[in-house]
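Reckoned from all heavy atoms, side chains included, excluding hydrogens, waters and symmetry mates.
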Amino acid sequence: MANNIYFEIQADDVNRAADFYVKIFGWELIQAPQVPIPYIWVNTGSTMGGILQRPVAAPAPGQGTNAFVCSFEVADFDAAAAKILGAGGIVALPKFGVPKICWQGYFLDTEGNTFGIFQPDENAG
């Protein structure tokens, strides 16, 4: 059985969220006019996903994550973190080392969604 991944990011403002992720990761976006809600397909280059209109209200700030959190690999953690902050993101959990694996951190996007970035590094930790 294949373990293909298709991710979805919920947003109050689909276009604002799309703009945020393009600024950081340079993803290719494709409008999906045949879908009955605001929806944009995402091609990361290795994985497919989507950004869709949030179907219900998000948890209030400070209530924690009520979702499946995705982390995205980056070549340079600090450069990616600077792009995230410059695009309106917020640090949720600062950079930390996972010993002998990677540098990891978590952020909130412009829609209040939690996501992570990680930089593989066997010297981390």
Side-chain angles (χ1 to χ4, degrees):
M1 178 153 102
N3 288 316
N4 295 322
I5 300 292
Y6 184 88
F7 67 89
E8 290 183 311
I9 299 169
Q10 296 184 5
D12 293 323
D13 183 326
V14 172
N15 292 320
R16 178 178 60 203
D19 184 55
F20 176 81
Y21 285 102
V22 165
K23 285 178 183 174
I24 297 160
F25 298 116
W27 292 345
E28 176 189 8
L29 303 178
I30 304 159
Q31 292 289 333
Q34 65 274 41
V35 178
I37 59 170
Y39 198 100
I40 298 173
W41 282 307
V42 175
N43 180 356
T44 71
S46 61
T47 304
M48 291 297 295
I51 301 172
L52 68 143
Q53 184 70 48
R54 190 182 311 280
V56 297
Q63 289 186 325
T65 303
N66 184 20
F68 182 87
V69 176
C70 294
S71 290
F72 304 99
E73 182 176 339
V74 296
D76 181 330
F77 185 98
D78 295 328
K83 285 183 179 180
I84 292 165
L85 297 176
I90 299 169
V91 174
L93 184 61
K95 178 180 175 181
F96 61 92
V98 178
K100 301 183 181 182
I101 297 175
C102 69
W103 295 103
Q104 175 79 41
Y106 293 92
F107 299 84
L108 299 177
D109 69 11
T110 55
E111 308 307 302
N113 296 312
T114 302
F115 71 99
I117 60 171
F118 68 95
Q119 175 189 335
D121 184 349
E122 62 186 30
N123 297 314

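Residues L93 and L85 fall into different hydrophobic clusters, defined by Ile, Leu, Val, Met, Phe, Trp and Tyr side chains chained together at heavy-atom separations under 4.5 Å. Following chains of ILVMFWY side-chain contacts shorter than 4.5 Å, one can reach F115 starting from V91, so the two form part of one hydrophobic cluster. By the rule that hydrophobic residues join a cluster once side-chain heavy atoms approach within less than 4.5 Å of another member, V14 and V35 end up as members of separate clusters.
Using a 4.5 Å cut-off on side-chain heavy atoms (C-beta onward), N113 and R54 make contact. When side chains are defined from C-beta on, L108 counts as touching T114, because their heavy atoms get closer than 4.5 Å. In this structure, W103 and D78 have side chains that are not in contact, with every pair of non-hydrogen atoms separated by 4.5 Å or more.
The heavy-atom pair separating I117 from A81 by the smallest distance is CD1-N, 4.0 Å. The shortest heavy-atom contact between N15 and Q31 is OD1-NE2, 3.9 Å. For the pair A18 and I40, the tightest heavy-atom approach, listed with the atom from each and the gap, is CB-CD1, 3.8 Å. When all heavy atoms are compared, the tightest approach of C70 to F7 is SG-CB, 4.0 Å. In this structure, C102 and A124 approach most closely via the heavy-atom pair O-CB, 3.2 Å. What you find for G116 and Q104 is that their closest heavy atoms are CA-NE2, 3.9 Å.
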Test log, rule side chain to side chain contact (heavy atoms under 4.5 Å, CB included), inputs F118 and I101:
CA-CA 9 Å; F118 68 95; I101 297 175; over 6 Å; no
Could you go step by step and tell me if R16 and E111 meet the side chain to side chain contact (heavy atoms under 4.5 Å, CB included) rule?
CA-CA 8 Å; R16 178 178 60 203; E111 308 307 302; 2.6 Å; yes
Between V69 and Y106, does a side chain to side chain contact (heavy atoms under 4.5 Å, CB included) hold up when you go through it step by step?
CA-CA 9 Å; V69 176; Y106 293 92; 4.1 Å; yes
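Of the listed residues (I9, V22, L29), just one forms a side-chain contact (heavy atoms from CB on, under 4.5 Å) with V42, and that residue is L29. Results of the side-chain contact (heavy atoms from CB on, under 4.5 Å) test with Y21 over T110, D109, I84 single out D109 as the only residue that passes. Looking at L52, I51, I30 one by one, the single match for side-chain contact (heavy atoms from CB on, under 4.5 Å) with Y39 turns out to be L52.
In the displayed structure, K95 atom NZ is contacted under 6.0 Å by more than 12 heavy atoms of other residues, nucleotides or ligands. A 6.0 Å sphere centred on CD of E122 holds no more than 12 heavy atoms belonging to other residues, nucleotides or ligands.
If you take CH2 on W41 and OH on Y6, they are separated by 7.5 Å, rounding to the nearest 0.5 Å.
F25 and F72 have tilted rings, their planes meeting at an angle from 30° to 60° on a 0 to 90° scale.
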